[in-house]
Each structure stands twice: as C-alpha cells, then as structure tokens.
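Data block below; observations after.
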Amino acid sequence: MLSVRTITENPQLVAERLKVKNFEAGSLIDEITGIDSRRRQLKASLDNSQAESNRISKQIGIYFREGKKEEADRAKEQTSLIKEQIKQFGRELAEEEKRLTELVELLPNIPHESVPPGNTPGDNKIVREGGSMPSLGKDALPHWELARRCDIIDFELGNKITGAGFPVYKGKAAKLQRALINFFLDEAVEAGYTEIMPPVLVNEDSAYGTGQLPDKEGQMYHVGEDNLYLIPTAEVPLTNIFRNEIIPADELPRKLTSYTPCFRREAGSYGKDVRGLNRLHQFDKVEIVEIAHPGSSYERLEAMTGYIESLVVKLGLPYRIMLLCGGDMSFHSSKTYDFEVFSAAQKKWLEVSSVSNFETFQSTRMMLRYREKEGKKIHLVHTLNGSALALPRILAALLENNQTPEGIGIPPPLAERCGFDIIGF
RNA sequence: GGAGAGGUGGCCGAGUGGUCGAAGGCGCACGCCUGGAAAGUGUGUAUACCUCAAAAGGGUAUCGCGGGUUCGAAUCCCGCCUUCUCCGCCA
C-alpha cells in the first residue's frame, strides 16, 4: 500500500498519477486526509493523557517510599478520570487507524512515469521481440494433443486424483520439467541470485506483507485448520524473508531465487483459455526476487528483464516483451513487463513471465527498510520480482513449436539435462 | 499429541511490582593515546508514532504476540506462538 504520508503530502499529485491506472482517487484521498488529521489529534491527546497518568503513578511510588500513605491514596483518586480518558482516546484512535488502513489499502500503487496510459492489453507497448517463428504444417497439433499422443501429460488422471487443473506429468515430460527447473535455477545462481527453498504454506502476516491479503483472498487455497495459505507464487515467502528487517544499504540489492510449486484457485476463469497447460491450479515456477535501493530499482528492473530474456533466447522460443499500460497493470505494481512466448499450434501468445517493480508498495506493509551508510537514516526499500520462468506455458510452447514428423525436439540446454533430445511419437 | 523448562536491545546476560528503554559485558561508530597497530581510555550506539518549518529537543508505545489485574507490569494472571529436554508417533 501507499504510505499515508505520501498521500497526505502530495494529494493532488497522487490523484493525478493514479488516473494512468484509470483510478479516480480524489474523494478517497480527501477522506484519508481527514481521517489522518483526526488520527494525529487523537494520538496527541492520548499521549498527553498517558504522560499525565505516568506522572501521577511515579508520584505515588515516591509517596509510598516516603511513607506518605494519605497523599498516595489521594493521588490514586485522581487517576480514575485520566484512565477513563486513556481508554476512550485509545478506542477512538484504534478505530481511526483501522479505518485509515482500510481506505489506504483501496488505493492502487502509483505507476511509474514511463508507464503508458491505456485500458486494455491492446494498449500495452511491445518493447522488444526476438526468436524466430517456427513454420509448422497445417496438421500441427496443440500441446494437449501432442501430450496425449506421446503419453507424457495426463489431464484425466489429474482429474481423478485431484480435479481439473492438476495435470500429471509422466515419463519424459516429468523429466523435462525437472530439467527446466534445474536449468532456470542454475542460470539464476550463475546470475548472482541466492537459491532458496522456502515453505510453500505461509501465514497471514506473510500473505498480507506481499499484498495477497486482504484483496486477493479468494485466489489462494486456505488451510483453515491451521490458518495457512498455499503460496500462489514464491514471491510471497521470498519477499517475506525480509519482513520487519533493516538491511544495510551496502548489502543492496539482495537477490534471491527459488523454485516452488504455485497454487491458484483461479476462481471465475473457465473456457478455452484453460485448455491444456494454459491455466492450471497447480504449476511450477522459478521466481527471482530483488530487494533494491530506491535509487537503482529501475536499473534492477531492466537487469531482471534482460536476464529473463536470456532464458527465453536460450530456449529458442519466439517471444515479445510488453510494457504494460496503466489499465492492464496489477494493483500492486509501479511498472511491469510481461514476457509472452508464441505457442505456434494454438497460434497464441502465452504469458510466461511478469516482472515488476513494486517500489514501496510491499515494503510499507512489511516494514522492510534499509539503513543509509552515511547518516544512518532509515528508508523503505523497493521490492521487485519476476517469473524466471513459469513452466507450463513454456512447456506448451516447447512442445508445439518443436514438433516434427518424428516427435518433439528438445532444445540443447534441456537436452543435456534430460539425456534425450527428442520425445518420439 | 503429552509432561517439564525457557523466550529481555545486533549478540551474551542481569533484572520477580515503582524514577527500567532496561545494569554489566561483547560487538559497532567516533575521539584520545601510538611512528602505525594492539592494549588502554572517553563518548555514543533500538524502532514506530505524535510534536517541531527543519535540526536540536520533548512526549507516547514497544522486554515473543494478544488480553487481564494494578495508581503503576520485563516482573503477577489467562490465551496463543515459538525454542529446548523427555515420552509417544513418524517420512
């Protein structure tokens, strides 16, 4: 979320910038400003009452030590009113703070100045394209047909064991998945990311910290018995590693990577987009996360984008990098690039990565800060993350684009990890 | 899951109702000392919020988390989380 200070100190600027996300913030900001000034007044009143109460209590202590019991008793009588005031101010302050947080949480993140305006994916800007389109015959098969023909991914079996959206990878597909994971992790470590194996269940505080709670509650699987959430992305546990931390400036950027399964309920998305591997409830992903100095976070965003691009290039997939317009960006992001690869039999661009700078939107929630080398001042860090990469759609594109009359070719970086370079029919 | 013992500042550790945000030590920063270093020595060393134009200063809160008792809680009571030991179970 945005910090209250940002909002109250630059109300018109915030409102102006949020229009790029098609968000009318004017009245909300007015309300926030009003509540915040009431909050400050209440805080001052509460502090004064508490100071007075502390003074009396100390005095009582002194009376007792001096054996002045009568004075002590008289002083005690003074406290009932002040205690009542403290309770009342405390209640009111808590209410205002709760309301303030609720309202601030409704405001999306401010888009970076380089974010283009727009409403739909059609307004996104293609910033780079690469790779070459495969030339497939008319009889080219979509990946779900190929998977059936080679008997390597079993969607029906997943239905039996769990339900729709939980495919079972078999034989060479299972091995290919493992090769992809290893490839992505090896590359990330080579690029300076520290490999982490985090928990895939997180508590409420963590889900709140990265912004899944409260607004995306319905997107996560919830284990009610223990009040834990299955992660929708490794971003959640990785970023929360730093929750409530103060990092020395010279340790920035911190760079982490992780492979995890990801779980998404995807409530409300049905239809042809969910065909095959295109949209799943459980999928595998390697994620990169960076905790960056505000002064260099956009350089880091470009560096992460360049890194992810190198992966797609090594896999030989045709791709394009989109700069998302204000209306198509996520609520939490300041700037996002999406990576899409072309899946040649479906003739579709599939999103395989999303790289974002959240600036202080997450660090505000989780009190994630850094300490300046000079002056020792403390400020919020910028958090960034990106998929590097999400497996199912990469697999879909690999299967479709590399199909030949004999079978499905495996690109070199994966073949050397699989021990085979073709999945035969 | 059962029984017992713990959780104090960056770290170690004292503190069982009253000037305790917390002794002492280590570490760290700056200064003195030194040719330079070590040793020695002096000072400083949490975070959030409020106040202040800013800095300085002041106020409030925070001793795992949340409630409660009390004029007053690190200290007493209750719930939760967590660590260790033993038992049970188990990949």
Side-chain angles (χ1 to χ4, degrees), chain A residues 1-10 32-101 103-104 197-209 213 223-229 237 240-252 254 261 360 362-381:
Chain A
M1 63 184 173
L2 300 174
S3 77
V4 175
R5 194 167 293 267
T6 304
I7 299 163
T8 56
E9 286 179 359
N10 324 281
I32 287 168
T33 308
I35 290 178
D36 185 54
S37 80
R38 276 203 294 287
R39 183 199 127 246
R40 287 165 192 244
Q41 282 167 18
L42 281 167
K43 168 73 171 154
S45 304
L46 176 65
D47 284 359
N48 287 337
S49 297
Q50 250 157 353
E52 178 62 14
S53 166
N54 287 346
R55 264 194 296 278
I56 296 171
S57 292
K58 271 180 192 169
Q59 189 56 46
I60 290 173
I62 292 168
Y63 284 143
F64 271 121
R65 214 168 312 120
E66 293 172 347
K68 297 178 180 168
K69 189 162 183 316
E70 282 172 27
E71 281 90 335
D73 286 341
R74 223 174 303 136
K76 274 191 198 179
E77 286 163 19
Q78 291 177 27
T79 61
S80 63
L81 176 65
I82 200 108
K83 283 186 72 179
E84 201 41 57
Q85 282 179 343
I86 289 172
K87 253 185 207 162
Q88 185 58 29
F89 286 139
R91 263 196 298 268
E92 287 176 27
L93 182 64
E95 271 170 35
E96 297 291 351
E97 283 178 339
K98 180 163 175 269
R99 183 77 187 128
L100 186 62
T101 304
L103 292 177
V104 171
M197 277 193 98
V200 298
L201 283 150
V202 296
N203 60 28
E204 263 183 301
D205 287 345
S206 294
Y208 178 82
L213 290 179
V223 183
E225 181 86 15
D226 300 288
N227 197 23
L228 297 172
Y229 295 87
N240 272 285
I241 287 174
F242 302 100
R243 174 153 47 86
N244 284 318
E245 295 290 329
I246 300 172
I247 303 170
D250 56 11
E251 289 180 19
L252 298 175
R254 297 291 299 267
T360 59
Q362 294 178 327
S363 58
T364 302
R365 295 175 160 232
M366 57 172 105
M367 289 293 283
L368 201 185
R369 295 148 297 165
Y370 73 94
R371 190 190 304 276
E372 282 176 2
K373 188 109 179 148
E374 302 296 327
K376 306 276 184 187
K377 284 245 181 66
I378 290 167
H379 305 283
L380 294 164
V381 300

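Atom set for the values below is all heavy atoms of this structure, side chains included, hydrogens, waters and symmetry mates excluded.
Near-neighbour residues of RNA chain B inside residues 41-64 of chain A, defined by a heavy atom below 4.0 Å, number-ordered: Lys43(A), Ala44(A), Asp47(A), Gln50(A), Ala51(A), Asn54(A), Ser57(A), Ile60(A), Gly61(A), Phe64(A). Of all the residues in residues 68-82 of chain A, Lys76(A), Thr79(A) reach under 4.0 Å from RNA chain B with at least one non-hydrogen atom.
For the P atoms, the distance from G64(B) to U8(B) is 7 Å, rounded to whole Å. Nucleotides C65(B) and U75(B) are separated by 11 Å at their P atoms, to the nearest Å. Comparing the P positions of C76(B) and G59(B) gives an interatomic distance of 29 Å, to the nearest angstrom. Distance noted for atom C1' between G25(B) and G13(B): 8 Å (whole Å). For the C1' atoms, the distance from U16(B) to A73(B) is 11 Å, rounded to whole Å. Comparing the C1' positions of G9(B) and C63(B) gives a spacing of 9 Å, expressed to the nearest Å. Here, U47(B) and G36(B) have their P atoms 34 Å apart, quoted to the whole Å. G88(B) and G17(B) have their P atoms separated by 40 Å, with the value rounded to a whole Å.
Of the nucleotides present, none pairs with A23(B) by Watson-Crick or G-U wobble criteria with both distances under 3.5 Å. Applying the Watson-Crick and G-U wobble criteria (two distances, each under 3.5 Å), G18(B) pairs with C71(B). The pairing partner recorded for G88(B) is none, the criterion being a Watson-Crick or G-U wobble arrangement whose two distances lie under 3.5 angstrom. With both pairing distances under 3.5 Å, U60(B) is matched to A48(B) as a Watson-Crick or G-U wobble pair. Across all strands shown, G40(B) forms a Watson-Crick or G-U wobble pair, both distances under 3.5 Å, with C32(B). Of the nucleotides present, C81(B) is the one that pairs with G7(B) by Watson-Crick or G-U wobble criteria, both distances under 3.5 Å.
Taking Lys68(A) as the reference, Glu66(A) meet the salt bridge (charged side-chain N to carboxylate O under 4.0 Å, His left out) condition, with sequence neighbours excluded. Every salt bridge (charged side-chain N to carboxylate O under 4.0 Å, His left out) that Asp47(A) has, sequence neighbours left out, goes to Lys43(A). Applying the ring-ring contact (aromatic ring centres under 6.0 Å, His included) criterion to Tyr370(A), with sequence neighbours excluded, gives His293(A), His379(A). Looking at residues two or more places apart in sequence or on another chain, you find a side chain to side chain donor-acceptor pair (under 3.5 Å) between Glu52(A) and Arg55(A). Applying the salt bridge (charged side-chain N to carboxylate O under 4.0 Å, His left out) criterion to Arg243(A), with sequence neighbours excluded, gives no partner residue. For Arg371(A), the side chain to side chain donor-acceptor pair (under 3.5 Å) test picks out no residue, with sequence neighbours left out. Partners of Asp226(A) according to the side chain to side chain donor-acceptor pair (under 3.5 Å) rule, which considers only residues two or more places apart in sequence or in another chain, do not exist here.
Remark on RNA chain B: of its neighbouring residues Arg369(A) and Arg40(A), the 5'-side contact belongs to Arg369(A), judged by nearest-heavy-atom nucleotide.
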Would you mind writing out the side-chain donor-acceptor pairs for residues 56-64 of chain A within the sub-3.5 Å range, not counting sequence neighbours?
from, atom 1, to, atom 2, distance (Å)
Ser57(A), OG, Ser53(A), O, 3.2

Using a 3.5 Å cut-off and no angle test, enumerate the donor-acceptor pairs between side-chain atoms of residues 70-87 of chain A and protein atoms at least two apart in sequence or in another chain.
from, atom 1, to, atom 2, distance (Å)
Asp73(A), OD2, Lys69(A), NZ, 3.2
Thr79(A), OG1, Lys76(A), O, 2.5

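At the heavy-atom level, Lys83(A) lies under 4.0 Å from the strands shown only through sugar-phosphate atoms.
Judged by distance alone, with hydrogens and angles left aside, the side-chain atoms of Ser363(A) form a donor-acceptor pair with the main-chain N or O of Val381(A) at under 3.5 Å.
Distance check: Leu252(A) CG to Ile247(A) CD1 gives 5.5 Å after rounding to the nearest 0.5 Å.
Counting only N and O atoms by type, the side chains of Arg91(A) and Gln88(A) include a donor and acceptor under 3.5 Å apart.
Note that the first and last nucleotides of RNA chain B, 5' to 3', having any atom under 4.0 angstrom from a heavy atom of chain A are G18(B) to G72(B).
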